[in-house]
Amino acid sequence: MQPISGYGVGKVLDSENPEFNKGDLVWGMTGWEEYSLITAPHLFKIQHTDVPLSYYTGILGMPGMTAYVGFYEVCSPKQGECVFISAASGAVGQLVGQFAKLLGCYVVGSAGSKDKNEITKLIYCYQESS
Ligand SMILES: NC(=O)c1ccc[n+]([C@@H]2O[C@H](COP(=O)([O-])OP(=O)(O)OC[C@H]3O[C@@H](n4cnc5c(N)ncnc54)[C@H](OP(=O)(O)O)[C@@H]3O)[C@@H](O)[C@H]2O)c1
């Protein structure tokens, strides 16, 4: 049986790769396990530790990059435009909704259940009041 793989945060305990040293904090593809042996690293070094490390699995990791590039660089949105977000409660959608609100867009999101809609509303409203 193999552990589930996914994006995570870790600390290098030992390394034969010259790009990574013992003690480095990294984020990237790893296993959902306490210790991982990573032979083909798709890892990025964490430079800023003044934020919770879990941010590197969200806003500062792949979902954040996807949301940022997809919204700002591909969509090139303008203030006041209407933005529709499907899968609005998902890892990417919840960030795009917040980016769009910060920019002053009119945001409409959809999600697959009442619970997901409620969570999405809380996330977007939190952004609005903070
Ligand atoms: N997360 C990343 O780092 C990342 C990176 C690159 C690309 N992407 C892409 O960005 C998109 C969103 O990623 P995510 O991580 O935010 O996903 P997610 O959190 O796993 O959300 C996926 C959501 O898509 C909706 N969905 C699934 N099948 C669907 C269908 N057949 N029709 C309509 N909606 C459907 C469901 O939302 P509801 O139940 O609410 O409808 C599901 O919860 C995906 O296409 C993903 O491949 C993500």
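When a ligand or atom number is given, it counts from 1 through the structure's own listing order.
A donor-acceptor pair under 3.5 Å is formed between the side chain of Ser15 and the backbone N or O of Asn17. Looking only at distances, a side-chain donor or acceptor of Glu81 sits under 3.5 Å from a matching main-chain atom of Lys78.
When heavy-atom distances to ligand 1 are checked against a 4.0 Å cut-off, Val92 comes that close through both its backbone and its side chain.
For ligand 1 and Lys116, the ligand atoms under 4.0 Å from any heavy atom of the residue are 37 (O), 38 (P), 39 (O), 40 (O), 43 (O).
A distance of 12.5 Å separates NE2 in His48 from CG in Leu25, rounded to the nearest 0.5 Å. Ile59 CD1 to Phe99 CZ: the interatomic distance, rounded to the nearest 0.5 Å, is 4.0 Å. One distance of note links OG1 of Thr120 with CD of Gln98; it measures 10.5 Å at 0.5 Å rounding.
Under the 4.0 angstrom criterion, atom 48 (C) of ligand 1 counts as having a protein heavy-atom contact. Remark: atom 7 (C) of ligand 1 lies closer than 4.0 Å to at least one protein heavy atom. Per-atom contact check: atom 41 (O) of ligand 1 touches the protein, criterion being a heavy-atom distance below 4.0 Å. Of the protein's heavy atoms, at least one falls inside 4.0 Å of atom 23 (C) of ligand 1. For atom 31 (N) of ligand 1, the nearest protein heavy atom lies 4.0 Å or farther away. Within a 4.0 Å radius of atom 15 (O) of ligand 1, the protein has at least one heavy atom. In this structure, atom 1 (N) of ligand 1 is in close contact with the protein, since a protein heavy atom lies within 4.0 Å of it. Within the 4.0 angstrom cut-off, atom 34 (N) of ligand 1 has no protein heavy-atom neighbours.
Within a 6.0 Å radius of CZ in Phe84, other residues, nucleotides and ligands contribute more than 12 heavy atoms. Shown here is Lys45, whose NZ atom has more than 12 heavy atoms of other residues, nucleotides or ligands within 6.0 Å.
Looking at atom 4 (C) of ligand 1, its nearest protein heavy atom turns out to be Thr66 OG1, 3.6 Å. Here the heavy atom of the protein found nearest to atom 19 (O) of ligand 1 is Ala91 N, 3.0 Å. The nearest protein atom to atom 21 (O) of ligand 1, hydrogens excluded, is given as Gly90 CA, 4.0 Å; this is a heavy-atom distance.
Checking Ser36 against Thr30 by side-chain atom types alone, a donor-acceptor pair falls below 3.5 Å.
Checked by distance only, ligand 1 and Ala111 stay at 3.5 Å or farther apart across all their nitrogen or oxygen atoms.
Here the side chains of Lys101 and Tyr124 are in contact, with some heavy-atom distance below 4.5 Å.
Scanning Gly112, Ala87, Pro63, Gly6 for the heavy atom closest to atom 38 (P) of ligand 1 points to Gly112.
Between Trp27 and Tyr7, the two ring planes are tilted [angle within 30° to 60°].
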